[in-house]
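Below is one structure; the comments refer to it alone.
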Amino acid sequence: MSFLKITNLRKSYGSLEILKDINLEIDEGGFLVLVGPSGCGKSTLLNTIAGLEPITSGEIAINGKSVAGLHPSKRDIAMVFQSYALYPNMTVAGNIAFGMEIRGVPKDERDKAIKQVADMLQIGHLLDRKPSQLSGGQRQRVAMGRALVRNPQVFLFDEPLSNLDAKLRVDMRTEIKRLHQRMKTTIVYVTHDQIEAMTLATKIAVLKDGILQQFGTPADIYNNPANLFVADFMGSPAMNLLTATVEGGGNDLRVSLVRPDAEPLHLPVAQVGGLAAYAGKQIVFGIRPEALTDPDGADRNARLLVEGDCLIEVVEPAGSDTFAVTKLGGKEVVARLRADARIAPGQNTRLAFNLDKAVYFDPQSQQRIG
């Protein structure tokens with residue numbers, strides 16, 4: 001049975017509808033990440049779970065019990081905010097213990113809980129300091145420690161790493177993942193960073209304009225995007241999305257991509273499915289940069305691997321990889337090659353297309369075909 005279940009949830013401010021019929025559920029111990037661009041409704045959704053925002057209609061249930069209309073203090077949740085929200089006049093130990101003091105937890109139990117979370121988060125040497133004496137990463141650990149001592153049913157994180165620099169963000173991401181693996185507590189986590197979403201989540205909910213675009217595992221979201229928005233939003237570099245024409249018929253379908261100063265590139269289709277109805281029509285052809293690579297670096301387990309010549313316009317060495325930019329279907333295309341791939345701008349280079357990984361979209365509805 002799902003531990004956290006959201007059913008037909010709507011949230012409006014007057015005539016402005018912010019969340020539109022959201023349905024989500026996650027098992028106990030799961031890590032649900034709400035991801036999407038600014039203003040998509042993800043923080044509002046988190047706040048409705050916390051009880052900080054009343055819902056307009058629908059249902060939120062935790063461990064089989066409805067919490068709609070229940071005061072935040074009675075929902076058995078703990079929240080970690082983007083701003084840390086620490087009391088500046090209290091020590092680290094005081095900040096961590098404050099909630100327990102309010103609830104009347106005996107001092108010896110408080111001290112034991114403080115030591116336990118301080119050891120877990122490696123902040124034992126900071127317990128006597130004030131927040132002003134801490135770095136951003138240390139403050140974030142203290143905010144997490146304050147939530148952890150609650151031992152709640154659900155942890156809620158609202159963009160907790162957005163105020164940290166890039167390296168510290170990666171380090172803290174690892175800490176949060178390690179913490180989840182150790183504690184196995186249910187977590188709902190809001191971010192606009194799709195790399196955070198992919199690395200942390202057991203399930204991802206992608207939102208746009210208050211509408212749930214897709215809900216699934218990171219692999220589902222990445223490999224089988226439901227629509228053009230998800231395909232473009234998830235992944236770095238983003239998926240290549242190109243205008244193509246479907247040719248042929250029956251089980252012998254191909255997609256045709258125009259090339260500058262060359263004949264069109266014709267690529268066979270791995271699985272025809274719903275694409276058969278688009279014969280003679282234009283579609284959007286999607287392929288990830290790592291599925292477009294130098295022939296020696298291509299996936300040898302691929303069932304349908306096709307090579308084609310492409311004029312390389314830009315080469316971008318990136319240490320472990322080399323990115324090459326070419327042009328297909330009237331758009332710039334990014335290929336991800338091995339670091340030692342011999343490639344130079346201005347030359348025609350053989351690239352391998354892993355068509356097992358190709359996806360197709362209807363240009364009008366923007367939904368996935370097949």
Side-chain angles (χ1 to χ4, degrees), residues 4 24 26-27 29-38 40 42-43 45-46 49-50 77-86 92 96 117-124 126 131 134-150 152 154-207 214-223 230 233-238 288-290 318-321 336:
L4 171 65
L24 294 170
I26 190 160
D27 293 336
F31 198 126
L32 169 62
V33 176
L34 310 176
V35 69
S38 296
C40 70
K42 54 189 184 294
S43 289
L45 179 54
L46 192 78
I49 298 170
I77 55 97
M79 195 161 183
V80 179
F81 296 93
Q82 178 181 354
S83 61
Y84 317 136
L86 302 178
V92 166
I96 293 173
V117 299
D119 289 346
M120 188 185 300
L121 296 169
Q122 298 176 11
I123 54 173
L126 304 174
L134 306 178
S135 68
Q138 289 168 338
R139 290 180 197 175
Q140 189 55 268
R141 280 186 166 89
V142 176
M144 288 166 58
R146 186 176 56 189
L148 288 171
V149 292
R150 292 274 313 278
V154 181
F155 284 112
L156 306 179
F157 287 82
D158 189 7
E159 303 211 35
L161 309 184
S162 60
N163 290 335
L164 306 180
D165 63 53
K167 184 182 185 307
L168 191 52
R169 189 181 302 165
V170 173
D171 293 343
M172 285 301 297
R173 196 169 69 205
T174 304
E175 286 300 315
I176 290 171
K177 184 134 190 172
R178 184 179 288 125
L179 194 67
H180 178 248
Q181 289 171 346
R182 187 182 302 150
M183 298 192 68
K184 296 179 170 50
T185 308
T186 308
I187 292 177
V188 183
Y189 186 106
V190 164
T191 182
H192 63 273
D193 185 328
Q194 42 87 21
I195 299 296
E196 264 177 50
M198 293 292 298
T199 52
L200 290 172
T202 58
K203 289 284 184 71
I204 295 175
V206 185
L207 289 103
Q214 190 170 357
F215 177 57
T217 65
D220 286 339
I221 301 285
Y222 189 78
N223 294 317
V230 176
F233 188 79
M234 301 299 294
S236 181
R288 296 274 180 201
E290 63 270 22
S320 58
D321 301 296
R336 190 173 197 159

Practice problem: Report the C-alpha separation of E196 and V33 in whole Å, then their side-chain angles, then the decisive distance to 0.1 Å, and conclude whether the side chain to side chain contact (heavy atoms under 4.5 Å, CB included) test is met. | Solution: CA-CA 9 Å; E196 264 177 50; V33 176; over 6 Å; no

Self-check item: Shortest non-hydrogen separation from V142 to L86 and the atoms involved
Solution: CG1-CD2, 3.9 Å

Exercise. Quick one: pull up CD in Q140 and CZ in R169 and give me the separation to the nearest 0.5 Å.
Key: 11.5 Å

Exercise. Answer yes or no: is there a side-chain heavy-atom contact under 4.5 Å between M198 and I204?
Key: yes

Quiz prompt | Heavy-atom pair of closest approach, residues R288 and I221 | solution = NH2-O, 4.4 Å

Quiz item: Taking the side chain as C-beta and beyond, is there a heavy-atom pair between L121 and L148 under 4.5 Å?
Solution: yes

Practice problem: State, to 0.1 Å, how close T191 and D193 come at their nearest heavy-atom pair, and which atoms those are. | Solution: OG1-N, 2.9 Å

Exercise. Would you please name every residue forming a salt bridge (Lys or Arg N to Asp or Glu O under 4.0 Å) with D158, sequence neighbours left out?
Key: none

Exercise. Check whether any side-chain N or O of K42 sits under 3.5 Å from a backbone N or O of G36 as a donor-acceptor pair, and report yes or no.
Key: yes

Practice problem: Assess whether side chain to side chain contact (heavy atoms under 4.5 Å, CB included) is satisfied between L45 and V188, documenting all intermediate values. | Solution: CA-CA 10 Å; L45 179 54; V188 183; over 6 Å; no

Exercise. Please list, chain by chain and in numerical order, all residues satisfying salt bridge (Lys or Arg N to Asp or Glu O under 4.0 Å) with R336, sequence neighbours excluded.
Key: D321

Quiz item: With sequence neighbours excluded, what pairs up with D165 under the salt bridge (Lys or Arg N to Asp or Glu O under 4.0 Å) test?
Solution: none

Practice problem: For residues L134 and Q138, report the shortest heavy-atom separation together with the two atoms involved. | Solution: CA-OE1, 3.4 Å

Self-check item: Closest approach of L24 to A205 (non-hydrogen atoms, all atoms of both residues)
Solution: CD2-CB, 3.7 Å

Quiz item: Going from CG on L34 to CZ on F157, what distance comes out if it is rounded to the nearest 0.5 angstrom?
Solution: 13.0 Å

Quiz item: Do you know which two heavy atoms are closest between Q194 and S236, and how far apart they sit?
Solution: NE2-CB, 3.5 Å

Quiz prompt | Those residues that, when tested against T185, pass side chain to side chain contact (heavy atoms under 4.5 Å, CB included) (two or more places apart) | solution = F155, M183

Self-check item: Contacts of type salt bridge (Lys or Arg N to Asp or Glu O under 4.0 Å), residue R178, not counting sequence neighbours
Solution: E175

Quiz prompt | Residue list, ring pair (Phe, Tyr, Trp, His ring centres under 6.0 Å) with F31, at least two apart or on another chain | solution = H180, Y189

Practice problem: Find out whether R173 and I195 are in side-chain contact, i.e. whether some heavy atom of one side chain is under 4.5 Å from a heavy atom of the other. | Solution: yes

Quiz item: Can you check whether Q214 reaches M234 side chain to side chain, under 4.5 Å on heavy atoms?
Solution: no

Quiz item: Can you tell me how far CG of L156 sits from OG1 of T186, rounded to the nearest 0.5 angstrom?
Solution: 10.5 Å

Quiz item: Hey, does I96 have a side-chain heavy atom less than 4.5 Å from the side chain of I123?
Solution: yes

Quiz item: If you round to the nearest 0.5 Å, how far is CD1 of I176 from CG of D171?
Solution: 11.5 Å

Practice problem: Supply the atom-to-atom distance L32 CG to D27 CG, rounded to the nearest 0.5 angstrom. | Solution: 11.0 Å

Quiz item: Between SG of C40 and NE2 of H192, what distance do you get to the nearest 0.5 Å?
Solution: 11.0 Å

